[in-house]
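FYI, side chains are in, hydrogens and waters are out, and symmetry mates aren't considered; it's all heavy atoms of this structure.
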Amino acid sequence: MKICPNCSSQNQIKSGVIKGRQRYKCKDCNYNFTVEKMGKKIDDYYVNKALQLYLEGLTYREIERILGISHVSVMNWVKKYKIKRPYNNKYHPTYKILNHTELANYFSNINELKGAGVVVTELGDKFMLIKWERFKD
């Protein structure tokens, strides 16, 4: 049963169809409303992952390529949750998508880790390695 968005009553009747959507009329407050649109909802895991990647320094387009989510959606989430990325131009993030074996091989080479910060995050069945290297003057 649908709930009236005006008075939260469950006492309503059908009142026609508009643009293919059922319209209802609340018997208590005489408010007319239609059924809520069931749009595509992106899982909260991907919202959190997109915001995390944004804070790590990746651009909207890079996040789009990695997660397969529109850069506009990511931009809207950043605005909605008022996320501010700290600005620091001394470091430049790069990222790699690796499986478990490749990740183990990466960490076994000590030369890869010198002079850089590294964050590893899970991305489905793979891992994303984000590395910050200092810009050379």
Report yes or no: is the cationic atom of R23 (NZ for Lys, CZ for Arg) under 6.0 Å from the centre of the six-membered ring of F33, at an angle within 45° of the ring normal? no
Which is it for T94 and I130 under the side-chain contact (heavy atoms from CB on, under 4.5 Å) test, yes or no, and what are the steps along the way? CA-CA 6 Å; T94 57; I130 303 170; over 6 Å; no
In the structure I gave you, are the side-chain heavy atoms of V120 and M128 within less than 4.5 Å of one another anywhere? no
Note, L103 side chain near N99 side chain (heavy atom, < 4.5 Å): no
Give, for atom CE of M75 and atom CD1 of I83, the distance between the pair rounded to the nearest 0.5 Å. 14.5 Å
Measuring only between side-chain heavy atoms, which start at C-beta, is K126 closer than 4.5 Å to L98? no
Any heavy-atom pair between the side chains of K96 and Y106 that's under 4.5 Å? yes
Given C4 and C29, is the side-chain contact (heavy atoms from CB on, under 4.5 Å) satisfied, shown in steps? CA-CA 9 Å; C4 175; C29 67; 3.8 Å; yes
Euclidean distance, L53 CG relative to L67 CG, rounded to 0.5 Å: 5.5 Å
Just to verify, which of Y81, W77, Y60 counts as forming a ring-ring contact (aromatic ring centres under 6.0 Å, His included) with Y54? Y60
Are the ring centres of Y24 and Y31 closer than 6.0 Å? no
Can you find a heavy atom in the side chain of K131 that is under 4.5 Å from one in the side chain of Y95? no
Quick one: does L129's side chain get under 4.5 Å of T121's, heavy atoms only? no
Taking L55 as the starting point, is it possible to reach Y45 by hopping between hydrophobic residues whose side chains are less than 4.5 Å apart? yes
Should I69 and I63 count as side-chain neighbours, where that means a heavy-atom distance under 4.5 Å? no
Enclosure of Y46 OH (heavy-atom neighbours >12, cutoff 6.0 Å): no
How long is the straight-line distance from CD of Q10 back to CG of D28, given to the nearest 0.5 Å? 10.5 Å
Should E64 and V74 count as side-chain neighbours, where that means a heavy-atom distance under 4.5 Å? no
Mind checking the SG-NZ spacing from C7 to K27? Nearest 0.5 Å is all I need. 13.0 Å
Rounded to the nearest 0.5 Å, what's the gap from CD1 on I66 to CZ on R61? Could you check? 14.0 Å
Approximate separation, where rounding is to 0.5 Å, of Q22 CD and S15 OG: 8.5 Å
Please list, chain by chain and in numerical order, all residues satisfying side chain to side chain contact (heavy atoms under 4.5 Å, CB included) with N48, sequence neighbours excluded. none
